A.B. asks: 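Dropping the structure in here first, questions after.
Here the structure is a predicted model, which means the values were calculated and not measured. In the text below, chain A, chain B and the rest are named by the order of the sequence lines, each starting its count at 1. Computation of the quantities below employed the complete heavy-atom set of this structure, encompassing side-chain atoms and omitting hydrogens, waters and symmetry-equivalent molecules.
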Amino acid sequence: MDVSVSLPRGLTLKNPVIAASGTFGFGPEYSRYVDIGALGGVSVKGVSPEPWLGNPTPRVWETPLGLLNSIGLQNPGMDVFLQEDLPFLRDQNAVVIVNIIGHTVDEYAQVAARMNHEPGVAALEVNISCPNIKEGGMSFGQDPDQAYAVMKAVRQVTDLPVMVKLSPNVTYPGLIAQAVEAAGADMISAINTLVGLAIDIKHRRPALGGVTGGLSGPAIKPVALRVVYEVAQSVNIPIIGMGGIATATDVLEFLLAGAQAVMVGTVTFQYPKRMNEIIEALPQVLHEYGFASVRDAVGQALPGRAPIRGGGQ
Amino acid sequence: MDVSVSLPRGLTLKNPVIAASGTFGFGPEYSRYVDIGALGGVSVKGVSPEPWLGNPTPRVWETPLGLLNSIGLQNPGMDVFLQEDLPFLRDQNAVVIVNIIGHTVDEYAQVAARMNHEPGVAALEVNISCPNIKEGGMSFGQDPDQAYAVMKAVRQVTDLPVMVKLSPNVTYPGLIAQAVEAAGADMISAINTLVGLAIDIKHRRPALGGVTGGLSGPAIKPVALRVVYEVAQSVNIPIIGMGGIATATDVLEFLLAGAQAVMVGTVTFQYPKRMNEIIEALPQVLHEYGFASVRDAVGQALPGRAPIRGGGQ
Amino acid sequence: MISEQVLAPIVENRAVAPDHVELIISSAVLSQAEPGQFAHILTPGMLRRPVSFSRIDQENGQVGLMFQIVGDGTRWLAERRHGEVLDILGPLGHGFAAPDPTKPWCLVGGGVGVPPLYAAAARYLHRSRPDVIIGARTADWVLMAQDFKDLGLDVTVATDDGTAGHAGTVMGPLETWLQDHPDGQVFACGPTPMLAAVSAACEGRATAYVALEQRMGCGIGACLACVVKAHGKEHAEYRRVCTEGPVFAAKELIW
Amino acid sequence: MISEQVLAPIVENRAVAPDHVELIISSAVLSQAEPGQFAHILTPGMLRRPVSFSRIDQENGQVGLMFQIVGDGTRWLAERRHGEVLDILGPLGHGFAAPDPTKPWCLVGGGVGVPPLYAAAARYLHRSRPDVIIGARTADWVLMAQDFKDLGLDVTVATDDGTAGHAGTVMGPLETWLQDHPDGQVFACGPTPMLAAVSAACEGRATAYVALEQRMGCGIGACLACVVKAHGKEHAEYRRVCTEGPVFAAKELIW
Ligand SMILES: Cc1cc2nc3c(=O)[nH]c(=O)nc-3n(C[C@H](O)[C@H](O)[C@H](O)COP(=O)(O)OP(=O)(O)OC[C@H]3O[C@@H](n4cnc5c(N)ncnc54)[C@H](O)[C@@H]3O)c2cc1C
Ligand SMILES: Cc1cc2nc3c(=O)[nH]c(=O)nc-3n(C[C@H](O)[C@H](O)[C@H](O)COP(=O)(O)OP(=O)(O)OC[C@H]3O[C@@H](n4cnc5c(N)ncnc54)[C@H](O)[C@@H]3O)c2cc1C
Ligand SMILES: Cc1cc2nc3c(=O)[nH]c(=O)nc-3n(C[C@H](O)[C@H](O)[C@H](O)COP(=O)(O)O)c2cc1C
Ligand SMILES: Cc1cc2nc3c(=O)[nH]c(=O)nc-3n(C[C@H](O)[C@H](O)[C@H](O)COP(=O)(O)O)c2cc1C
Ligand code: FES
Ligand code: FES
């Protein structure tokens, strides 16, 4: 069964399962448990021009079938990343997607420019959920004009395939998607985490050091599927879907909702080998539901495709 | 222990636990299982000027610790409600909150006007998550100007205490809250459901008859707490919090995050008596965490209150 | 009508067919049920699971719940053992009214639609003796045939794959029955497409009552999740399967 | 260093104090652990639970996990029985290095911080004999005192409520020890405020190594959830408790 995925600018994945940014570090940590070479790709922890220190602890908190995190995009900066971290993934022949972050449009462009022509970097993922400093701490991903500006600046400095990662914390994700498509994005990845809060009752304060945090895990799957489904009808570029994926059946749901590939995050903390297991199970699951390839399933639940209505039980 | 709650315009609840709109019908259905008189209040299913038919089935779908519904605000219209449904709740001495809906600003005002001076109606809850017809099907709750317009129109025709129920599906819930406060809202209730989608893999289509649906239940609790926490810092009117509450401890979390009272919805489907159980358990839980009343706990996790940092284990 | 939240111990868990289990549970309240009513059962999921009563033994205060394992909820239920306690709301809904003893009577069940018909047969046997048509996908999955025979009733079986009885659906035998029994009454339960076909076949020939399935929220009439379209006084309207149903006169419904 | 995902059967579940359980599990891989390393254990929650090894029996391929029941995860663990299998990542992190045999050595444990110190004592006993100070809230919760005694070690106990040993925290006995043993080395594990106090007390007098707790995500260094502030080359930086720790030289850390 053909599970490969062809994406813009020649980006090809051997299967649609990519490790989600921030949940897989820069690769070596999980390499003891995960067969990295077998993954469709790896999106690394967000990388900024200079090192970021991140937020105070606690940085994670459990919620009902969800996980709140306020890591705060701690990272060693792009130079250290290229010297110390990228080589490992390159040696594993991983399809490396560099997740880029910045506090200003210019910082995004700096990282994008620095990654261009770096051997081993297959694509960029522009994380526009970072607080922007200039506009008062709101995120670039919450305003179509700012999202456009970031993508435009990135496009000008790179030939790499670029995906923009959408925030679900907006009224109309489709509008942001259209803005970045217009600015030259090759793909959309969605969703980043939902903004949430937990209360530490005993200490009468927000549980996370960063006060609010990003909600991930199975709890957000219905929201993620909705955003993918909505964005798939708003733009003409491919979508990489994510949010709460834990099984091969979940992957199929995202494909049907319009994603061409997926990313898998939080479940890896529970089950380090789960991505490999999903990749192994996927052909069987596709077959069971009557699909001959990954491509075959993409978007089949979107309006306009004749739904297969079951007869009998 | 004092668990009563005093709200604007003389609205007083004997305790902070209100049945959430749409999950408790108009009262009689659950009266076999629930002691309605013991509840803090009952928010009834959304009521419109004329009957609404609602959406095709399936109308509910389970998700990981969440529930998607696309009931579509089916209701018999305000006249039937007043004749056939309100009398029952009035007889139970319930504090009845009428949840009002409309497709136009004028329809909201019609229901509000009709409810004014109706014996047995204690307050109105303006549900601004309905699709508005005039502006192309987006909801009134997703735009501050439209939210303002609805609340303004309602305010002009009623002296009743009015709360506006916020949609979490917006970039800045605080802005909507400020708009309705400016329009004369006495309170905010939050949150309504998150927009989500489930896929029926077998039939290759969205699972719900209404395609997308509203996500409720424990899965959304962190998002609900975040919205309450954010809105509590945006406005000066009381907040009724909800979203995923299943225990007395959950109630305390909402109080600490800034809510004065709460509503309880989805869990009632599993455990009809849960609201009564929560009300019974609440004094003990408050006491355990060092609070002498419900009022005592409200907003204690908001910034500016000295957090109690625990010493030792 | 009586309906409560009860904690009902399991008296017996028996496999009745591959992937089909019957639980016998003890509850005086539930044993007041009418045939066609259902239990709304707490499982680890977010919603309770509706299951019809397969047996109603008022004398011993016991009822049966027979179900197919189709997902997490029914799998969990199938693993419950003697002595464990189920949290149930019930009996819920409106069941089958007594048949008119002056008219021929036929029961048409498909798959797990059969059990509530058995409950109806057992309850109303003293008034009238129904003919019984049971459909299933395959021989293994023909439910309760022996139970009906134990009541002294004739049972016609149809299987999709022809491994038992007639090859094909219940519609063949039903057509024969309708021809042989003008002005009869039919009680049917099974998959929705089957009920639609039964309803169409009966039109103008027999009075049909159908027990419907629909995704449910509350199970008790509050949430409006479980509706079906029906002919209203003036225009189409929704009725609640959990409250006005699950049993409806077929002609009320818009198929 | 070795570390794997292992499925380790439980050999024994024993109550060691009210609300405190020790599980003995069988795993050749885990029994390669250093004292101070931890197991990251799958429970029904969204995250695994980190628990230090209380015993490391390389010969028999067994390790111990001693924990207090504080929430859903530890409650679930406490209910696991002989023969059930735990899904564990480990051994993880950096543990206690061997003490310098030329210097006096003291172990200071508070509450469930005691077990990893016992593992350290047992491992390094052939090099050096530590003095042991155990703190707990109350007499019932003094952990492993007899185990240390069985190693032939002197144990000083302190309880907050004075129900056993010194009334008060471990800081009293530690102060005495520090005065009696200039240039000593202290291994400490317990609640963070205790470790901060131990660290401050040792400053300029003894070398302190502390085993920290922090909320963890992955447990293996990828997610950056579990950091603590430490003195970097130029400015403050974060270190990962799961990877660079849980044992740190106290002077590295910014308290
Ligand atoms: C009034 C009524 C009586 C029923 N009686 C029986 C019976 O006697 N024997 C029997 O085997 N089955 C019966 N069913 C169907 C039974 O409720 C479902 O098979 C069961 O809920 C499936 O649960 P699950 O968790 O195993 O499946 P899942 O598919 O995992 O369930 C997911 C959700 O969908 C709902 N659901 C799934 N299938 C159905 C369905 N067919 N009808 C309604 N809701 C469904 C579940 O309740 C749950 O909320 C009845 C349904 C209704 C409405
Ligand atoms: C390296 C390390 C070693 C540990 N060794 C031991 C030990 O040997 N014995 C022992 O009793 N406890 C130990 N702990 C603490 C133990 O991990 C927690 O008590 C346990 O995770 C609580 O889980 P819960 O589900 O019962 O509690 P909950 O409070 O319900 O847990 C909720 C979440 O918070 C996390 N959490 C709660 N308390 C702590 C804590 N103190 N430290 C880190 N995370 C926490 C949980 O892992 C979980 O993710 C250790 C912690 C760390 C970091
Ligand atoms: C601990 C943690 C750290 C994350 N860090 C990043 C990040 O640096 N950049 C980014 O784009 N997304 C980050 N994310 C979001 C994930 O990549 C993903 O979008 C989200 O978790 C939803 O997927 P999941 O439910 O499978 O985890 C992080 C998520 C988690 C849980
Ligand atoms: C089946 C269902 C129907 C609902 N109908 C309404 C409604 O008519 N009006 C309204 O304002 N909210 C409605 N809601 C939203 C709830 O009142 C509540 O805001 C939401 O479910 C979150 O709370 P919960 O997680 O406790 O259920 C409905 C929710 C459910 C599950
Ligand atoms: S299931 Fe709620 S009304 Fe029928
Ligand atoms: S827990 Fe993930 S880096 Fe330590």
A.B. asks: How long is the straight-line distance from NE2 of B:His203 back to CG of A:Leu256, given to the nearest 0.5 Å?
C.D. replies: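 So the CG of A:Leu256 and the NE2 of B:His203 are separated by 12.5 Å.
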A.B. asks: Atom CG in B:Leu194, atom CG in A:Leu194: separation rounded to 0.5 Å?
C.D. replies: 6.5 Å
A.B. asks: Does any non-hydrogen side-chain atom of A:Arg204 lie less than 4.5 Å from one of B:Tyr289?
C.D. replies: no
A.B. asks: At what distance, to the nearest 0.5 angstrom, does CD1 of A:Ile220 lie from CG of B:Leu215?
C.D. replies: 10.5 Å
A.B. asks: Are B:Val211 and A:Tyr229 side-chain neighbours, meaning at least one heavy-atom pair lies under 4.5 Å?
C.D. replies: yes
A.B. asks: Please check if the side chain of B:Thr171 supplies one atom and the backbone of A:Thr171 the other of a donor-acceptor pair under 3.5 Å.
C.D. replies: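 Indeed, once roles are kept as given, a pair shorter than 3.5 Å links the two residues.
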A.B. asks: Flag the pair A:Lys221 / B:Thr63 as yes when at least one side-chain heavy-atom distance between them is below 4.5 Å, and no otherwise.
C.D. replies: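 Not touching, per the 4.5 Å side-chain cut-off.
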A.B. asks: Can you tell which of B:Ser167, B:Ala224, B:Ala257, B:Pro222 has the highest number of heavy-atom pairs within less than 4.5 Å of chain A?
C.D. replies: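 Among B:Ser167, B:Ala224, B:Ala257, B:Pro222, the one with the most close pairs to chain A is B:Pro222.
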A.B. asks: Name the region of B:Phe254, side chain, backbone, both or neither, that has any atom closer than 4.5 Å to a heavy atom of chain A.
C.D. replies: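 Interface part for B:Phe254: neither.
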A.B. asks: When heavy-atom pairs shorter than 4.5 Å are enumerated against chain B, which of A:Val195, A:Leu68, A:Val170 gives the highest number?
C.D. replies: A:Val195
A.B. asks: Does some side-chain heavy atom of B:Ile201 sit less than 4.5 Å from a side-chain heavy atom of A:Thr249?
C.D. replies: yes
A.B. asks: Are A:Arg226 and B:Asn169 side-chain neighbours, meaning at least one heavy-atom pair lies under 4.5 Å?
C.D. replies: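 Counting from C-beta outward, A:Arg226 and B:Asn169 do come under 4.5 Å.
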A.B. asks: Which atom pair, heavy atoms only, marks the closest approach of A:Ala219 to B:Ala219?
C.D. replies: CB-CB, 3.7 Å
A.B. asks: Measuring from A:Leu65:CG to B:Leu65:CG, what's the distance to the nearest 0.5 Å?
C.D. replies: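 Rounded to the nearest 0.5 Å, the CG-CG separation comes to 4.0 Å.
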A.B. asks: Measure the OG1-CG distance between B:Thr212 and A:Leu225 for me, rounded to the nearest 0.5 Å.
C.D. replies: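 Reported to 0.5 Å precision, the distance equals 12.0 Å.
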